[in-house]
There are 2 protein chains.
Amino acid sequence: RPIRTGERPRVKPRRGVEMIAFVIGVCTVLSLPFGSNGEAIPQKPTGDVSIMPPIKPADGPQAFPDAEKANMPVFTMDYPRIQLPFEITLWVLLASFAKIGFHVYHKITVWVPESCLLIAIGLMVGGIMHSVHEEPPAVLSSNVFFLYMLPPIVLDSGYFIPTRAFFENIGTVLWFAVVGTLWNSIGIGMSLFAICQIEAFGVQDINLQENLLFASIISAVDPVAVLSVFEDVSVNEQLYIVVFGECLFNDAVTVVLYNMFSYVADMPEVEPVDVFLGVARFFVVGLGGMGFGLLFGLVASFTTRFTGNVRAIEPLFIFMYSYLAYLVAELFAISSIMAIVTCAITMKYYVEENVSQRSCTTIRHVIKMLGSISETLIFFFLGVVTITTEHEWNWGYIMFTLLFAFLWRGLGVLVLTQIINPFRTIPFNMKDQFGLSYGGLRGAISFALAYTLPDNIGRRQLFITATICIIIFTVFIQGISIRPLIELINVRRTNRNLDTINSEIHCRVMEHTLSGIEDLCGQWSHYYWKDKFMKFNNLVLRKILIKDKRAESSIVALYKKLELQNAMEILDTVTGDLSAAPSLVSL
Amino acid sequence: RPIRTGERPRVKPRRGVEMIAFVIGVCTVLSLPFGSNGEAIPQKPTGDVSIMPPIKPADGPQAFPDAEKANMPVFTMDYPRIQLPFEITLWVLLASFAKIGFHVYHKITVWVPESCLLIAIGLMVGGIMHSVHEEPPAVLSSNVFFLYMLPPIVLDSGYFIPTRAFFENIGTVLWFAVVGTLWNSIGIGMSLFAICQIEAFGVQDINLQENLLFASIISAVDPVAVLSVFEDVSVNEQLYIVVFGECLFNDAVTVVLYNMFSYVADMPEVEPVDVFLGVARFFVVGLGGMGFGLLFGLVASFTTRFTGNVRAIEPLFIFMYSYLAYLVAELFAISSIMAIVTCAITMKYYVEENVSQRSCTTIRHVIKMLGSISETLIFFFLGVVTITTEHEWNWGYIMFTLLFAFLWRGLGVLVLTQIINPFRTIPFNMKDQFGLSYGGLRGAISFALAYTLPDNIGRRQLFITATICIIIFTVFIQGISIRPLIELINVRRTNRNLDTINSEIHCRVMEHTLSGIEDLCGQWSHYYWKDKFMKFNNLVLRKILIKDKRAESSIVALYKKLELQNAMEILDTVTGDLSAAPSLVSL
């Protein structure tokens, strides 16, 4: 089954050079941090020039015995001072090299998802580190993950979400994200509790609350690998957006569940009022996150009205405001993921009209870049930490965890689809349901949450081991097999909609017509509300948030955007020549 | 003297809204960090729902007395956890708001340089912080400055240096940077030592070494404000590039001198061998920095050969490699500024041909953005720290410091120009010399170095106070008055050279001709070497460092670049319309 072999021959002759370059790159990067072990590298003598401790006063009081003669040093070294930024830079470079390496051999990434390869490399690096007794990077505390590595990934997802498809399917998305995650957590938790009662497995000490806590950790679906497969084989838009949305929002649900259960795990008994407060907290967390996101999104849009003279720092506002939304949400322990996603969705439309073309390109590229590198690093560290952590292995518990996670996911999709299908214009068929349930890979969020488990949980080690097992199992087995399976059962495809003026105009006409018909019928569905929102947007929001001079029709703006995209693509080709007159591609 | 009043009327009607927006923005940002004081904000009760300490296990062991009934918390707060990223984000936002504010009132920045305004706002914020007994941000340790805030600024300068003009004037630049800085340091140091001998000032305890150390701190010229003025009134290219280059390279010289003198200040006596080693160190530091920069620049170029399939993370390599060059140079205590500048100059040419148009835009924009915000933050903090630091005031010493700094700079430029003028094609006239010497503002580097002074220097407080004085004096008095003076004495102007295909072709023809003539005459100057380098570049470097498919003429590449610039500019205007056929502007 040769896939995309069209471009292969051109790459072949260069393979040798590229392989060597890649190996050298990786070796260089690998060799650097291991020489150090976090302390100053022993200073090498250079001829007769005496070597002194570093001069810079940064490293504490200097101890020069007056009696000893000390010449002016010509060569000094001070590793601890630069250790932190240096090692971060090296890790990022190593991860980037890995990414380049995979893509030079594009054949690999067609069959094996990138996340598998990254974990595999991480396992290797972890093995090397373990064998030289190197400490794992301290980088991977849960705070680092939640405050620095997660935000770029979520911002990336939120900013590039296909807005129209998302809002058309928002009901289904929330249904799967909220109810599906609850279903999984409670189902898996209860079943595992039942398993714990069997004496043979030796895990009777795990109580119901702890089982639920663990279940909430492993019920977060991380569709990184799935999405890239879905994109490649271009499955239908409904399926794509539901998986996309589920990933965004079930993170939020999982974090709440986790907090709730980890609180409950400490309690001697659970009273009814706690259940009620838990439900209340659910809404506070979700709606609060959305509220903060909306607020910061609007403020960001408003701010970019005034950045016309400081184009250089324009993109900074986008990053700062989204990050602030995230941090403030974290501060109040409400859903920071919801906050940053809402912020991104809110501001995208206004900001992109306010800022210059260059800033717009920069914003998009930087968000993609940060998201992509964070993701790479996480999978990579997942591999490293798998090796360097102490594990507690329990065949029974771990096997049943795998089984239940798989079963409850399948069952959940089946049941939830039966309930939601009557409300959908295009219902999910059996093949879509297979895609949805088989795409239930676990990933970074589960991993980070497992590490965040407090020490007073008796079987913490076991939970971590089980979580890593389920992540590696789903990412490797399901991740690798999902592409052939999707192609085999022939899941409904879609034409990737080319963004053209023509389709945009037709869509708008259809929507206006539909909202008119709905109005006549007296049945108000989302077309009606969309129409109302667009009116409000044009009359109020745009007036406040968008610079005056940009008062052009949005169709013209779209045309310009497409033209520029087109121009840039032409210029990137070898014989690219803009003089081929105004393009008609975008029409 | 109305300057640039052409666009004023359009801005006027919106002034009210903008002023309000700005004030609200600043107040919001200001109010946030002051409520906190670095500890958790006291939690507000919300109705009858009991408030509990944060659940997240990040904040240590939880103390729930079993006896006490604790309900599920609906609202929690955990400030210390997010404090660091939150406060950094707020400082950056505050600085960005300040920048927006100045540019909304463009009239201010025409007469008062941005750095003055930033320091002024910093003084105000410092005043507020002082009055509420807030600690100054810990952000401003010398490590933070040298490892995180300086690299973006230097990368910005290095990446956007006008290469051709720079290499044509490299002799003069190095002459002023190296010899000029030495001249200033030794001159000021000696004179101040002489002043110290006068009993009336009460500073006899400052010995020669300490005076030289202090002089080396305040001899680094920081032309941020000067450059923006020079750019605005478009002085001739020679003057511009010499100020630009001097700023880049005298930082390097200053850092070496500082290290040397701070080492010498500890020594009971200075032997001749130390002087010799000092000179050796000079070359190690300078050439070593250049070597590392060259190495990392070439590796970065080579890496971008292979990033064709991972466009998303392409720009990352540029930032990572330059930063790595900087850090490695810091590690060996050689000139990190030289390293990052050389790296940027080396890789720019190759990288920009290898990466996609979008990546190129992103790289440039992000470098500008980071540089600009770092610069803003530094001036801002300078103001804050001026208020919040303890000072030691000594009229005599500080006044003479100001006087000598001014005198030696003027004298230095006068003498050094006399020596270098015979070697220059276009000699500097008296007006240029005035510009050069009056543009000797002191800035961020001096400030950071003063703070790095070790505690065993007896009069550390006095030195810090004197440094801040000289910075504020030069930035305010000279910075504000330089524009009118430059315009008054009518320094030689230049036509900003519009980058066109036409001028590029003519330049190249001229250069080829000149190198031919030089070859005939047997006199090999820089045209000859440039020609040789271009041949080496085309035959070897380009083959190794640049992707095959980009094997187009550099004139065609330039045409494409200009066309795209043009297209983007057209699209940014209101009535922008690409259908106006291929542009001829770039020809």
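Below, read A as the first sequence line, B as the second, and so on, with proteins coming before strands; counting in each chain starts at 1. Keep in mind that the numbers below use all heavy atoms, side chains included, and drop hydrogens, waters and symmetry copies.
- Among the candidates B:F282, B:F276, B:Y323, the residue making the largest number of heavy-atom pairs closer than 4.5 Å to chain A is B:Y323.
- At distances below 3.5 Å, not a single donor-acceptor pair connects side-chain atoms of A:H365 with backbone N or O atoms of B:I363.
- Per-residue heavy-atom pair counts under 4.5 Å with chain A were compared for B:T376, B:V328, B:V92, and the maximum is reached by B:V92.
- Options A:V299, A:V310, A:V366 differ in how many heavy-atom pairs under 4.5 Å they form with chain B, and the most are formed by A:V310.
- With rounding to the nearest 0.5 Å, the separation of OG1 in A:T89 from CZ in B:F319 is 13.0 Å.
- Contacts between B:Y321 and chain A at a heavy-atom distance below 4.5 Å involve the side chain alone, from C-beta outward.
- Taking the side chain as every heavy atom from C-beta outward, B:M320 and A:S96 never approach each other to under 4.5 Å.
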Take A:L324 and B:L90 through the side chain to side chain contact (heavy atoms under 4.5 Å, CB included) test and state the conclusion after the steps. CA-CA 8 Å; A:L324 215 54; B:L90 286 183; 4.0 Å; yes
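- Residues B:Y148 and A:L84 share a closest heavy-atom pair of OH-CD2, 3.9 Å.
- Ranked by heavy-atom pairs under 4.5 Å with chain A, the list B:L327, B:T307, B:L370 is led by B:L327.
- Proximity to chain A is limited to the side chain of B:F317, based on heavy atoms less than 4.5 angstrom apart.
- Here A:L316 is the residue among A:T303, A:L316, A:I373 with the most heavy-atom pairs under 4.5 Å with chain B.
- Considering CG of B:N309 and NZ of A:K99, their distance stands at 11.5 Å, rounded to 0.5 Å.
- Between the CD1 atom in A:I100 and the CD atom in B:E314 there is a gap of 9.0 Å [rounded to 0.5 Å].
- Note that CZ of B:R311 and OG of A:S372 are 14.0 Å apart. Values are rounded to the nearest 0.5 Å.
- Residues A:F146 and B:R81 are in side-chain contact: their nearest non-hydrogen atoms beyond the backbone lie under 4.5 Å apart.
- In this structure, CG in B:L147 is found 12.0 Å from CZ in A:F86, a value given to the nearest 0.5 Å.
- Within the 4.5 angstrom heavy-atom criterion, atoms from both the backbone and the side chain of B:S359 approach chain A.
- The structure places NZ of B:K368 at 12.5 Å from CD1 of A:I313, a figure rounded to the nearest 0.5 Å.
- Contacts of B:F283 with chain A are absent, with no heavy-atom separation under 4.5 Å from either backbone or side chain.
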